Every structure is written in structure tokens, then in C-alpha cells.
Amino acid sequence: MNVFAEFQTRIAYILSRIIAEDRLPADLDLSRFVVEPPRDPSHGDLATNAAMVYAKEAKASFSNPRQLATEIAYALAQDSDVAQAEVAGPGFINIKLKPEVYSRVLRDALLAGLDFGKPAASGEAINVEYVSANPTGPMHVGHGRGAVFGDALSSLLAFAGKKVTREYYINDAGAQVDLLARSAFLRYREALGESIGEIPEGLYPGDYLKPAGKALADAHGRALLDKPEADWLPLVRGFAIDAMMDMIREDLAALNIKHDVFFSERSLTIKTNGVDAVRSVIDDLAARGIVYQGRLPPPKGQLPDDWEDREQTLFKSTDFGDDIDRPLIKSDGGYTYFASDIAYHKSKIDRGFNSMIDVWGADHGGYVKRMQAAVKAVSGGKASLDVKLCQLVKLMRDGEPVKMSKRAGDFVTLREVVDEVGVDAVRFWMLFRKNDATLEFDLAKVIEQSKDNPVFYVQYAHARGRSVIKQALKAFPGLDVSTAALANANLDLLTDESEAGLVKLIAQYPRQIEAAALAHEPHRVAFFVHELASSFHSHWNRGKDQPQLRFVNEERRDLTCARLALVNSLTLVLASGLAILGVSAPDEMR
RNA sequence: GGCCCCGUAGCUCAGUUGGAUAGAGCAGCCGCCUUCUAAGCGGCAGGUCACAGGUUCGAAUCCUGUCGGGGUCGCCA
């Protein structure tokens with residue numbers, strides 16, 4: 001039950017009656033106004049700006065917004081759930097609900113359990129592509145942010161009733177995987193006892209390739225040593241990519257992240273009937289006249305020293321909102337990354353996704369417009385692509401940046417960080433920030449189990465709630481604390497203002513979920529559970545000075561049950577929110 | 001130079017898609033454990049929402065420009 005959504009509907013109905021009387025235009029967009037909690041709680045439980053939003057359209061029949069507001073408020077006051085509806089300021093309508101509405105919400109939350117706040121499933125298929133780190137080495141912290149963000153966003157959307165496919169795009173087709181293969185081949189020779197010396201500049205020097213080299217030696221003995229590169233490269237490449245993907249999957253598993261689909265870029269360049277998927281898209285677009293041969297102006301600012309003005313195959317992305325047309329074929333005749341990316345997104349569309357989200361690093365920001373242009377072109381405007389850019393992670397320790405050696409292979413891996421601070425802390429910390437703001441990740445702070453750390457703060461609230469229920473069982477042995485039983489408690493006994501505040505916050509959960517899912521912003525869930533935890537801790541502490549407010553009251557079984565109902569639904573909402581974030585909700589923290 | 005993101009309290013950040021008197025947490029100061037977990041709570045102090053215009057009943061939020069920080073700029077991925 002979402003009281004905000006319900007009143008949105010009821011107010012829309014009131015407006016439609018006014019429309020029926022020809023006092024508002026028939027084509028009024030009834031989704032323009034909002035119903036939200038007023039910033040100042042003394043204003044009531046709900047506030048709507050409906051009268052002000054439609055001020056212009058109302059001019060003909062109403063002398064000012066307040067007059068329209070007065071009429072809506074009058075109609076609202078007849079609603080059996082409304083205690084009071086009054087006009088304030090320039091035309092706000094403040095609504096006070098009858099207490100039993102909140103009893104209903106609470107009962108609803110208990111019975112729905114972890115499904116509370118879940119809207120009716122729309123079943124819309126949505127593809128979320130995230131991580132997509134190159135299969136050339138272990139994941140670093142920056143990858144981790146995108147991974148956690150994409151995973152939480154997927155969970156959020158799934159909770160909001162979408163059919164979510166979590167996808168990983170393996171960049172296994174570029175020059176970087178050939179370098180990987182050469183690097184692995186060196187490790188192979190090393191495993192066979194050769195002294196390989198320093199890894200040459202440009203290859204991947206990390207020790208993580210040693211096991212792959214060893215495995216190659218075990219599988220092929222000395223058979224590859226004397227062959228020319230052209231003969232061993234595809235084999236070693238495939239082998240090394242598999243090894244790297246296994247490693248990346250392990251890194252992801254350490255963060256409880258799983259993908260449904262691993263999509264290989266290389267598979268797009270495999271020919272069936274003489275044509276590969278990339279060629280086929282280019283041909284399609286060319287047939288429609290939006291791929292052409294032409295010249296690009298040289299880039300502004302500093303000119304690359306190897307700039308060569310030449311005619312090339314261009315996609316007319318300017319027709320679809322991009323600033324410049326984009327090349328599809330490299331000077332060596334291979335496809336550009338963009339070309340295969342068009343084929344890749346077409347594959348998503350062909351697989352039934354009209355709604356796609358890509359999670360990228362901020363360094364790919366310049367790529368967003370062309371990709372969206374391509375999706376528009378390929379789908380004929382039917383499909384939409386939202387790109388979420390995750391900003392840099394600044395890794396710190398005690399306020400000092402963690403030094404990362406320039407020499408590759410010596411960076412701090414995601415795995416090291418997870419092992420040091422734990423999954424819950426990494427995930428929450430990365431989600432407790434908007435994706436497009438840079439993230440300061442201080443290992444010392446993240447690991448600190450204290451008030452300084454929002455992870456433990458929220459988890460503690462959950463544990464504390466569970467503990468209250470345990471304590472209640474001591475005072476009332478055999479008490480039925482199942483959600484079904486608690487839903488039957490006399491919830492009207494929750495009359496204290498601070499208790500009511502908690503219930504009202506719980507009532508906001510469905511609305512927060514809806515907004516977060518709509519905006520593709522999982523951080524809102526993190527902030528919401530934090531706020532809920534804060535209100536709970538605050539209320540709990542009131543019981544210190546005012547023992548009559550404590551949850552467990554040995555003389556009042558009925559009151560205790562009502563309060564346990566509150567605590568129970570509160571822990572359910574915390575657990576639900578934390579589950580979306582992929583953070584555990586422990587029953588105790590000692 | 002073009003494009004994208006950011007600029008809110010000393011620091012790290014929220015701000016319900018344009019709403020009412022801009023909020024948290026740290027850091028600072030003053031309090032609270034014979035209390036269902038003090039991993040907690042209450043209070044004080046802290047602001048020209050970078051700047052200047054514009055849009056309207058109403059702007060931290062939208063538009064234009066300026067300044068500052070970051071990213072990116074044919075064939076890398």
C-alpha cells in the first residue's frame with residue numbers, strides 16, 4: 001500500500017470531476033502534480049501542489065489557485081481517510097490523515113513482509129550491462145564501484161517489478177587481448193623453465209598471469225614453443241581470456257555479484273554465411289543512408305601527431321543528436337569499438353530489450369551521445385538507452401591517497417580491498433553516494449566499526465530491532481511474534497508522536513522505491529534506510545528517560561504487541577532495503 | 001577550443017525531479033551507560049546553495065553566460 005500513490009489517484013479523480021463540469025480543460029495532464037510528505041511535519045501527512053500546477057489552465061473558471069485548492073480540499077475532506085484538508089500558502093493543500101490509515105499501512109507492511117513496497121510487476125524486460133572490465137587482469141576498485149552500482153540497480157529494478165537481465169560485455173576482440181595472449185605466452189615459456197627477464201613495455205606484467213602460463217605448459221607441453229605467433233596466438237588468447245574471466249568472476253563473486261549473460265564481443269565478428277553481425281548492421285545502416293564514406297574535420301585543440309586526413313566509413317550520428325559523425329572502420333580495416341558496440345546493442349534489442357541501461361566509468365562520458373544515437377538509429381526510436389556514469393573512486397587511507405605505482409601490475413585490486421574491509425562495508429559505502437559524484441573511499445574509515453560508519457549504523461538498527469523482539473519473548477514467554485499475529489495487534493495503541501513518526505517513515509518506503517527505480521538511483525535506498533535507522537535509534541533512546549515508551553511493557557501485553565508490530569515491520573523494511581543494496585541484515589552484532 | 005559531469009556548513013555529502021523557514025554525518029563545544037546492545041542518543045555552533053542575469057505564483061533544482069575542479073576529444077578500450 002502506497003498512500004502517496006493512492007492519494008495521487010484520488011486527487012486525479014477529484015480533478016476529473018471538475019473537468020467533467022467543463023471548469024478545467026479536457027486534455028489536462030493529470031500526472032503533473034505531486035503528492036509528497038511536507039517538509040515540515042506540522043503541515044500534515046501529505047501535501048499536494050495540484051492547484052498551483054494547474055493555475056494557468058484554471059484561470060478561466062477560478063480567480064486564483066487558492067480557489068481551486070479550496071475546492072479540491074473540500075472534496076478531500078469528504079474522504080473517509082482524511083482527518084483534515086486545508087489550503088496553505090499560495091495554494092498548497094495539506095492533508096492530515098486519520099490515524100487508522102497508518103494502522104492499515106503497518107498491518108499491510110507486516111503481511112507483505114519483504115515484499116512491502118513492491119509495486120505490481122510491470123514485467124517490462126530491461127537489460128542492465130555493468131562491469132564489462134577488460135579481461136586482461138584482476139578488477140580494481142573503480143571497476144568495483146560500477147559492479148556494485150549495476151548490481152544494486154538491477155536488484156532495485158527487479159524489486160520494482162521489472163524483468164531484469166544482468167549482462168557483462170566481454171571486450172575480447174581488441175588489440176588488448178592480443179597483448180594479453182603475448183603476455184601469457186611469456187609466462188608459458190617461463191613455466192617451461194626459460195628465463196624471460198623483464199616483461200617488455202606494453203605487455204601485462206602482473207604475476208596473475210603466471211598460473212595461466214603454468215596451465216598452458218601443463219596442457220601443451222613444449223608443443224607451442226617453436227610455432228610462429230600466428231599459429232599459437234588464437235589458442236593462447238582464448239585460453240588467457242578464459243583464465244582472466246574466471247578470475248574476474250571470482251572477484252565478482254567475492255562481492256556477491258552474478259551476471260545472467262556474459263556476451264562476447266568477439267562473437268559479433270564471427271561470420272555466418274560470410275557475414276558477421278557487425279558487417280550486417282553496417283550494411284543495414286548503409287542501406288538506409290546513415291552510413292557513408294566521408295572525411296572528418298581534425299579534432300580541435302591539440303592535433304594528434306599522426307593525424308592523417310582520409311576518407312572513412314562514418315555513421316551519421318549527427319542525425320540522432322550527436323555532435324559529430326563517428327567512424328566505424330579503422331585504418332587497418334578492422335571494426336572500431338563503436339561499430340561492434342552498435343552490433344552489440346542491436347543484439348540486445350533483437351533479444352527483446354527496449355529498455356537498456358549501461359553502467360560505465362566516467363572516462364567514457366564522451367561516448368554516451370554516440371551510443372544513444374546508435375540505439376535510436378538501430379531501433380527506429382523504439383528502444384531507449386540510459387547510461388549511468390560512475391565517477392572515480394579515490395582510494396585513501398587515513399586521509400592520505402593510497403599510492404598506486406605507475407608500473408602496471410602493482411595496483412590495489414578490488415579483491416584486496418574486499419578482503420580487508422568486507423563485502424557489506426564495500427557495497428554500502430559505494431552505494432551511499434550518487435553515482436556521478438566522485439567517491440572518496442578511505443580504507444581506515446570504511447573498516448572502522450563505529451558511529452563514523454553508516455554501514456554498521458544501519459545494520460545495528462536492524463540487530464537492535466531483532467533484539468527487542470527477543471527481549472519481548474523473555475517478558476512474555478510463548479508470545480506469538482509472527483507477522484500474522486502481530487498484524488492482529490491493536491495498532492491504534494501506537495499513539496506516541498515519535499512512534500507515529502516511525503510508522504509514517506515506513507509508509508514512505510514504497511514511494512522511495514518507486515522514485516529510486518524511476519531515476520535509476522540506488523543510492524536513494526541507502527539514504528532511506530539510513531534515515532529510518534536514525535529515527536529508530538532516536539526513538540529507542542527515548543525509552544531511557546521515559547520508560548513508558550519502551551517497546552516491551554511487562555504490564556501491557558496489548559501495547560507490547562502493537563509496538564512489536566512496529567519494530568517488526570521496521571526491521572522488515574530495513575532488511576528489504578539492505579537486500580536491494582546487497583548488504584546483509586544481521587540479527588545481532590557483537 | 002568542442003562536448004560531458006561536478007561546485008551546497010571547516011571536511012565528506014543528501015536535498016523527494018520546480019515547493020513552504022536548505023538538511024545529515026564527521027570535526028568542535030556541552031550533556032546522557034544501576035537503560036530492551038553507548039556500534040547509540042540529546043543539545044549548541046556552523047550557509048551570499050561558486051558568480052551574474054533570465055523563466056514564474058515560487059529556483060539549490062530549469063535556461064543563458066562567467067569563473068573554478070574533473071573527464072574526454074578520428075583508428076585505444
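Convention: sequence-line order gives letters A, B, ...; per-chain numbering from 1. All of these numbers come straight from a predicted model, not from anything done at the bench. Computation of the quantities below employed the complete heavy-atom set of this structure, encompassing side-chain atoms and omitting hydrogens, waters and symmetry-equivalent molecules.
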Give [X] one of three labels, base, sugar-phosphate or nothing, depending on what nucleic acid heavy atoms sit under 4.0 Å from its own.
{"X": "S467(A)", "value": "base"}
{"X": "A519(A)", "value": "base"}
{"X": "R433(A)", "value": "sugar-phosphate"}
{"X": "A47(A)", "value": "base"}
{"X": "R310(A)", "value": "base"}
{"X": "Y367(A)", "value": "base"}
{"X": "N49(A)", "value": "base"}
{"X": "F527(A)", "value": "sugar-phosphate"}
{"X": "E308(A)", "value": "base"}
{"X": "A475(A)", "value": "nothing"}
{"X": "P90(A)", "value": "base"}
{"X": "G174(A)", "value": "sugar-phosphate"}
{"X": "T336(A)", "value": "sugar-phosphate"}
{"X": "E588(A)", "value": "base"}

Paired nucleotide for [N] [Watson-Crick or G-U wobble; both distances under 3.5 Å]:
{"N": "G28(B)", "result": "C44(B)"}
{"N": "G7(B)", "result": "C67(B)"}
{"N": "G1(B)", "result": "C73(B)"}
{"N": "A59(B)", "result": "none"}

Practice task
Check for a donor-acceptor pair, side chain of S538(A) on one end and backbone N or O of S534(A) on the other, with a separation under 3.5 Å.
Solution key: no
Exercise for the section: Spell out, as yes or no, whether a donor-acceptor pair under 3.5 Å connects the side chain of T48(A) to the backbone of V34(A). Expected result: yes
Taking donor-acceptor contacts at under 3.5 Å, does the side chain of [X] reach the base of [N]?
{"X": "R39(A)", "N": "U16(B)", "answer": "yes"}
{"X": "N94(A)", "N": "A20(B)", "answer": "yes"}
{"X": "R511(A)", "N": "U16(B)", "answer": "yes"}

Taking the same atom, [atom1], in [N] and in [M], what whole-Å distance lies between them?
{"N": "C44(B)", "M": "C62(B)", "atom1": "C1'", "result": "38 Å"}
{"N": "U8(B)", "M": "A45(B)", "atom1": "P", "result": "23 Å"}
{"N": "C4(B)", "M": "G65(B)", "atom1": "P", "result": "11 Å"}
{"N": "U16(B)", "M": "A22(B)", "atom1": "P", "result": "15 Å"}
{"N": "C67(B)", "M": "A27(B)", "atom1": "P", "result": "39 Å"}
{"N": "G19(B)", "M": "G15(B)", "atom1": "P", "result": "13 Å"}
{"N": "G47(B)", "M": "A60(B)", "atom1": "C1'", "result": "12 Å"}
{"N": "C63(B)", "M": "G18(B)", "atom1": "P", "result": "10 Å"}

Fill in the blank from the handout: Value for CD (E129(A)) from CG (D358(A)), rounded to nearest 0.5 Å, stands at 4.0 Å
Exercise for the section: Hey, could you give me the OH/CG distance between Y169(A) and L268(A), rounded to the nearest 0.5 Å? Expected result: 5.0 Å
Whole angstrom value for the distance that separates [atom2] of [N] from [atom1] of [X]:
{"X": "Y168(A)", "N": "A77(B)", "atom1": "OH", "atom2": "C1'", "answer": "12 Å"}
{"X": "D322(A)", "N": "U72(B)", "atom1": "CG", "atom2": "P", "answer": "18 Å"}
{"X": "K434(A)", "N": "U17(B)", "atom1": "NZ", "atom2": "P", "answer": "14 Å"}
{"X": "K369(A)", "N": "C3(B)", "atom1": "NZ", "atom2": "C1'", "answer": "6 Å"}
{"X": "E265(A)", "N": "A77(B)", "atom1": "CD", "atom2": "C1'", "answer": "8 Å"}
{"X": "E531(A)", "N": "C13(B)", "atom1": "CD", "atom2": "C1'", "answer": "15 Å"}
{"X": "E36(A)", "N": "G18(B)", "atom1": "CD", "atom2": "C1'", "answer": "10 Å"}
{"X": "Q372(A)", "N": "C3(B)", "atom1": "CD", "atom2": "C1'", "answer": "13 Å"}

Exercise for the section: Scan V426(A), V525(A), L439(A), L581(A) and name whichever one has a side chain to side chain contact (heavy atoms under 4.5 Å, CB included) with L431(A). Expected result: L581(A)
Problem - Anti/syn call for U34(B), syn if |chi| within 90° - result: anti
Handout entry: Residue pair F320(A), I290(A): steps toward the side chain to side chain contact (heavy atoms under 4.5 Å, CB included) verdict
Key = CA-CA 10 Å; F320(A) 303 91; I290(A) 44 186; 4.0 Å; yes
Practice task
Measure up the F551(A) and F536(A) rings against each other and bin them: parallel (under 30°), tilted (30 to 60°), perpendicular (over 60°).
Solution key: tilted
Exercise for the section: Hey, can you tell me if F315(A) and F338(A) have their rings parallel, tilted or perpendicular (30° and 60° cut-offs)? Expected result: tilted
Practice task
Compute the ring centroids of F527(A) and F432(A), then answer whether they are less than 6.0 Å apart.
Solution key: yes
Problem - G15(B) phosphate, OP1 or OP2, under 4.0 Å from H523(A) side-chain N/O - result: yes
Handout entry: Aromatic ring of Y457(A) stacked on base six-ring of G40(B), 5.5 Å, 30°
Key = no
Handout entry: Face-to-face contact H43(A) to A20(B) six-ring, under 5.5 Å, under 30°
Key = yes
Problem - Ion pair K445(A)/E440(A), N-O distance below 4.0 Å - result: no
Exercise for the section: Sort and list the pairs that fulfil salt bridge (Lys or Arg N to Asp or Glu O under 4.0 Å) and have at least one residue in residues 520-529 of chain A, not counting sequence neighbours. Expected result: E521(A)-R524(A)
When you measure from the side chain of [X], which nucleotide among [options] comes out closest?
{"X": "K330(A)", "options": "C36(B), A14(B), C76(B)", "answer": "C76(B)"}
{"X": "N171(A)", "options": "A77(B), G74(B), C36(B)", "answer": "A77(B)"}
{"X": "V53(A)", "options": "A24(B), G19(B), C41(B)", "answer": "G19(B)"}

Completion exercise
Applying side-chain contact (heavy atoms from CB on, under 4.5 Å) to N435(A) and not counting sequence neighbours gives F149(A), K388(A), C390(A)
Nucleotide N/O to protein N/O under 3.5 Å, stretch nucleotides 68-71 of chain B:
residue : atom : partner : partner atom : Å
G71(B)  : O2'  : A362(A) : O            : 3.3

